[in-house]
Amino acid sequence: VSEDVFDLKIWSCEEALLDIIKPERTKVECLPVSYTGSTDGRIRCGAVFIETASPFDMSKVSVDGKIGVMAGSIGGSHAPEEGSDKLRRLVSSGLRGLVMIEDRVPTTWVRAEGIPPFWFRDGTMPMVSVSFQDGLKLRGKGVEVEMLIDSSTRDVKSRNIVAEIPGSVSYT
């Protein structure tokens with residue numbers, strides 16, 4: 001029996017809020033994206049619809065200092081690098097945060113989203129997910145939102161216990 005000790009990053013979130021301030025004050029049900037960054041208090045700014053956050057979509061709008069509203073999730077559909085590259089572009093874009101809209105089914109419920117911690121080697125940003133129905137409210141021009149995410153990460157040690165049971169192989 002042996003012990004395999006390794007480092008692990010643990011994430012926790014105490015609170016995640018998203019409110020539409022303009023054009024009409026509305027609470028939006030949201031879930032924090034796992035391993036998302038903290039807002040360090042409430043942030044209030046304009047929202048901008050960035051479609052799927054492709055380089056082409058991002059080039060069509062001014063995003064600096066705003067919260068991006070994106071259809072779908074960051075995760076790559078074909079390769080892990082696809083999502084990692086998209087996250088890197090979003091983090092360096094000047095956005096203050098990101099809202100991911102459930103785009104698979106037009107429902108009123110929120111889909112939980114997660115980002116693998118190894119994607120954050122180039123940084124992170126505050127992110128929440130919302131339902132398709134609530135996402136429609138965030139796509140208009142002149143929308144102002146307030147976001148709060150109280151999250152943190154910490155490094156811990158974890159371990160696997162490895163047991164080897166000797167045996168024999170018989171070929172007939």
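- Scanning both residues, Gly72 and Met100, for their nearest heavy atoms gives O-CB, 3.3 Å.
- A distance-only check finds no donor-acceptor pair linking the side chain of Lys60 to the backbone of Phe56 [under 3.5 Å].
- At least one side-chain heavy atom of Arg139 sits less than 4.5 Å from a side-chain heavy atom of Ile101.
- With Thr39 contributing its side chain and Arg42 its backbone, the two residues share no donor-acceptor pair below 3.5 Å.
- Contact annotation: the side chain of Ile67 approaches that of Ile43 to within less than 4.5 Å [non-hydrogen atoms, C-beta and beyond].
- No side-chain donor-acceptor contact under 3.5 Å links Ser129 to the backbone of Ala112.
- Between the side chain of Tyr35 and the backbone N or O of Lys9 there is at least one donor-acceptor pair closer than 3.5 Å.
- Salt-bridge annotation for Glu29 and Lys27: absent, with no side-chain N of the basic residue lying under 4.0 Å from a carboxylate O of the acidic one.
- Using a 4.0 Å cut-off between charged side-chain N and carboxylate O, Arg111 and Glu113 make a salt bridge.
- Residues Met125 and Val48 share a single hydrophobic cluster, defined by chaining ILVMFWY side chains whose heavy atoms lie under 4.5 Å apart.
- With a 4.5 Å cut-off on side-chain heavy atoms, Leu138 and Ile20 count as touching.
- Thr153 places no side-chain N or O within 3.5 Å of a backbone atom of Ile10 that could act as its donor or acceptor partner.
- Counting heavy atoms from C-beta on, the side chains of Val128 and Leu31 never come closer than 4.5 Å.
- Here the side chains of Ser152 and Trp11 are not in contact, with every heavy-atom distance at 4.5 Å or above.
- Annotation for Ser38 and Pro126: closest pair O-CG, 3.7 Å, computed over non-hydrogen atoms.
- Inter-residue side-chain proximity for Leu98 and Ile50 is flagged as met; some heavy-atom pair is nearer than 4.5 Å.
- With hydrogens and angles ignored, the 3.5 Å screen pairs no side-chain donor or acceptor of Thr36 with any backbone N or O of Ser34.
- Within the 3.5 Å criterion, the main-chain N or O of Thr52 finds a donor-acceptor partner in the side chain of Asp57.
- Leu90 and Val99 sit in two unconnected hydrophobic clusters of ILVMFWY residues. Membership requires side-chain heavy atoms under 4.5 Å apart, directly or through other members.
- In this structure the side chain of Ile74 never reaches within 4.5 angstrom of the side chain of Arg89, judged on heavy atoms.
- Under the 4.5 Å side-chain heavy-atom criterion for grouping Ile, Leu, Val, Met, Phe, Trp and Tyr, Val33 is connected to Leu87 within one hydrophobic cluster.
- Clustering ILVMFWY residues whenever any of their side-chain heavy atoms sit less than 4.5 angstrom apart, transitively, puts Val28 in a cluster other than the one holding Leu136.
- Within the 4.5 Å cutoff, the side chain of Met58 has heavy atoms near those of the Val63 side chain.
- Scanning all heavy atoms of the two residues, the minimum distance from Arg44 to Arg96 falls at O-NH1, 3.7 Å.
- For the pair Arg159 and Asp4, the salt-bridge criterion is not met [side-chain N within less than 4.0 Å of a carboxylate O].
- The number of heavy-atom neighbours closer than 6.0 Å to CD of Glu3, taken from other residues, nucleotides and ligands shown, is above 12.
- For the pair Glu146 (side chain) and Leu148 (backbone), a donor-acceptor distance under 3.5 Å is absent.
- Closest non-hydrogen pair, Ala47 versus Val69, comes out as CB-CG2, 4.0 Å.
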